[in-house]
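Letters A, B, ... mirror the listed sequences (proteins, then strands); counts begin at 1.
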There are 2 protein chains.
Amino acid sequence: MYRPYLDKLGITYPQYLVLLVLWEQDETTVKALGAELYLDSGTLTPLLKRMEDSGLIKRERSKEDERRVMVRLTTKGEELKEEASIIPDAMAANSGLSKEEFKKALTGFQQLLDHIHTVNDKK
Amino acid sequence: MYRPYLDKLGITYPQYLVLLVLWEQDETTVKALGAELYLDSGTLTPLLKRMEDSGLIKRERSKEDERRVMVRLTTKGEELKEEASIIPDAMAANSGLSKEEFKKALTGFQQLLDHIHTVNDKK
DNA sequence: GTTATTTAAGTTGTGCACAATTTAATTTTA
DNA sequence: TAAAATTAAATTGTGCACAACTTAAATAAC
């Protein structure tokens with residue numbers, strides 16, 4: 001579903017998720033990215049490294065707290081936003097659901113995901 | 001969510017999916033498994049090999065058509081069915097949804113999945 | 001001020017998941 | 001009957017995803 005669109009942009013689906021977060025808030029930490037996307041650092045570190053190698057982001061250890069790594073968009077990363085803007089509607093169109101049903105489904109998925117992670121964290 | 005239950009049985013989630021299919025129909029082909037689970041042979045071949053190494057299944061090339069590999073349960077694989085029978089209810093309980101909502105959600109997921117693969121196959 | 005605890009990121013190991021390609025077998029076509 | 005086309009599984013390459021562990025930095029406790 002996503003792949004033909006993402007191949008055009010030269011990114012993978014998890015990279016697209018990272019960009020979605022960064023397009024909304026320009027700079028974040030690895031920890032915050034992990035919390036937002038439910039991904040742990042074993043997944044994020046190599047993922048972000050590849051994105052940095054592609055020139056989409058820049059990583060830099062925080063001077064305030066050296067345990068933290070700040071992640072920010074490059075100009076190239078910002079520029080992808082426009083090209084990627086057609087993807088949500090294309091996914092909705094391919095889903096076989098109406099726009100309203102699609103939005104409802106996304107909300108339901110997010111709620112279920114949030115709940116599952118809450119339950120997992122309690123164990 | 002699944003992992004604590006599956007760790008007890010000594011299997012992974014994709015292996016559990018394969019077993020779900022085999023518990024219903026004792027023997028199948030790699031091709032049919034792939035169609036049922038939307039997994040391609042690059043994923044299935046190593047997955048089934050590990051299951052065979054664990055003694056859960058047996059693989060054998062069909063004498064009728066040597067392109068096909070038949071996959072069947074072993075006694076050990078059959079025995080896991082009983083232990084695994086609590087998993088669906090446990091997942092429903094952990095989902096934060098009622099039993100009815102949970103069933104409805106599964107049906108919705110399956111329909112969406114089927115549709116997405118139909119769309120993908122057309123491309 | 002020092003030690004213990006907690007936190008954030010990174011590493012290692014393992015199991016997928018899929019695209020593309022290869023190999024071998026079967027079916028179709030001429 | 002032989003060649004071409006199609007099919008099924010396997011292999012190769014790459015990108016995750018997560019558990020467990022390690023390292024380094026910051027915070028809490030004494």
Side-chain angles (χ1 to χ4, degrees), chain A residues 1-19 27-54 56-72 113 116-117 120-121 123, chain B residues 1-19 27-54 56-72 113 116-117 120-121 123:
Chain A
M1 276 258 285
Y2 280 91
R3 203 167 174 138
Y5 301 86
L6 297 178
D7 281 353
K8 273 176 181 142
L9 306 186
I11 58 177
T12 66
Y13 181 71
Q15 290 173 357
Y16 171 62
L17 296 181
V18 169
L19 289 172
E27 161 172 285
T28 188
T29 64
V30 173
K31 161 87 170 178
L33 262 180
E36 182 73 26
L37 301 176
Y38 293 118
L39 294 172
D40 71 53
S41 71
T43 298
L44 282 172
T45 296
L47 177 56
L48 296 173
K49 192 176 186 326
R50 283 189 289 275
M51 291 179 79
E52 189 170 39
D53 290 345
S54 299
L56 297 173
I57 61 160
K58 255 294 221 146
R59 287 184 301 163
E60 192 167 26
R61 199 157 288 274
S62 170
K63 287 183 177 68
E64 282 78 41
D65 183 338
E66 291 188 20
R67 293 173 295 178
R68 291 177 170 182
V69 167
M70 310 308 302
V71 186
R72 63 174 57 85
L113 205 54
I116 286 168
H117 280 90
N120 279 349
D121 283 344
K123 293 174 173 173
Chain B
M1 274 256 287
Y2 280 89
R3 200 161 176 144
Y5 301 87
L6 297 178
D7 281 351
K8 272 176 182 144
L9 306 185
I11 58 177
T12 66
Y13 180 71
Q15 291 173 357
Y16 171 63
L17 296 182
V18 168
L19 289 172
E27 163 173 283
T28 187
T29 63
V30 173
K31 160 87 170 180
L33 260 180
E36 182 74 25
L37 300 177
Y38 294 117
L39 294 172
D40 71 54
S41 70
T43 298
L44 282 172
T45 297
L47 176 56
L48 295 173
K49 193 178 188 322
R50 282 188 291 274
M51 291 180 78
E52 189 170 40
D53 290 346
S54 298
L56 297 172
I57 61 161
K58 253 305 219 136
R59 287 184 303 162
E60 192 168 26
R61 200 157 287 273
S62 170
K63 290 187 175 64
E64 281 78 40
D65 184 338
E66 291 187 22
R67 292 174 295 178
R68 294 176 167 181
V69 167
M70 310 307 302
V71 186
R72 62 174 58 83
L113 206 55
I116 287 169
H117 280 90
N120 279 348
D121 283 345
K123 291 174 174 176

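Spacing between atom NZ of A:Lys49 and atom P of C:dA9 amounts to 17 Å, rounded to whole angstrom units. With rounding to whole Å, B:Glu64 atom CD is found 14 Å from C:dA25 atom C1'. Look at CE on B:Met1: it is 16 Å from C1' on D:dC18, rounded to the nearest Å. For A:Lys31 and D:dA25, the NZ to C1' distance is 15 Å, given to the nearest whole Å. Between the P atom of D:dA19 and the CG atom of B:Leu6 lies a distance of 13 Å, rounded to the nearest Å. If you measure from atom CD of B:Glu60 to atom C1' of D:dA10, you get 18 Å, rounded to the nearest angstrom. If you measure from atom CZ of B:Arg67 to atom C1' of C:dA25, you get 6 Å, rounded to the nearest angstrom. Distance NZ (B:Lys63) to P (D:dA9): 16 Å, rounded to an integer number of Å.
When distances run from any side-chain atom of B:Arg68 to the nucleotides D:dA25, D:dA9, C:dT26, the shortest one goes to D:dA9.
Using a 4.5 Å cut-off on side-chain heavy atoms (C-beta onward), A:Arg61 and A:Met70 make no contact.
Side chain of B:Ser62 to main chain of B:Glu64: a donor-acceptor pair is present (N/O by atom type, distance under 3.5 Å, no hydrogens or angles).
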Query raised in the report: Just by protein heavy atoms under 4.0 Å, how would nucleotides 10-19 of chain C read 5' to 3' in B, S and -?
Result: BB---SSBBS

For residues 30-47 of chain B, which side-chain N or O atoms pair as donor and acceptor with protein atoms under 3.5 Å away, sequence neighbours left out?
residue, atom, partner, partner atom, Å
B:Tyr38, OH, B:Asp114, OD1, 2.7
B:Asp40, OD1, B:Gly42, N, 2.9
B:Thr45, OG1, B:Ser41, O, 3.0

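Of all the heavy atoms in A:Ile57 and A:Leu48, the pair that sits closest is CD1-O, 3.4 Å.
If you take CG on B:Leu9 and OH on B:Tyr2, they are separated by 12.5 Å, rounding to the nearest 0.5 Å.
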Report task. Determine, step by step, whether A:Met51 and A:Arg59 satisfy the side-chain contact (heavy atoms from CB on, under 4.5 Å) criterion, reporting the C-alpha distance in whole Å, the side-chain angles of both residues, the deciding distance to 0.1 Å, and the verdict. Result -> CA-CA 10 Å; A:Met51 291 179 79; A:Arg59 287 184 301 163; over 6 Å; no

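Both A:Leu17 and A:Asp65 sit near DNA chain D, but only A:Leu17 has its closest nucleotide nearer the 5' end.
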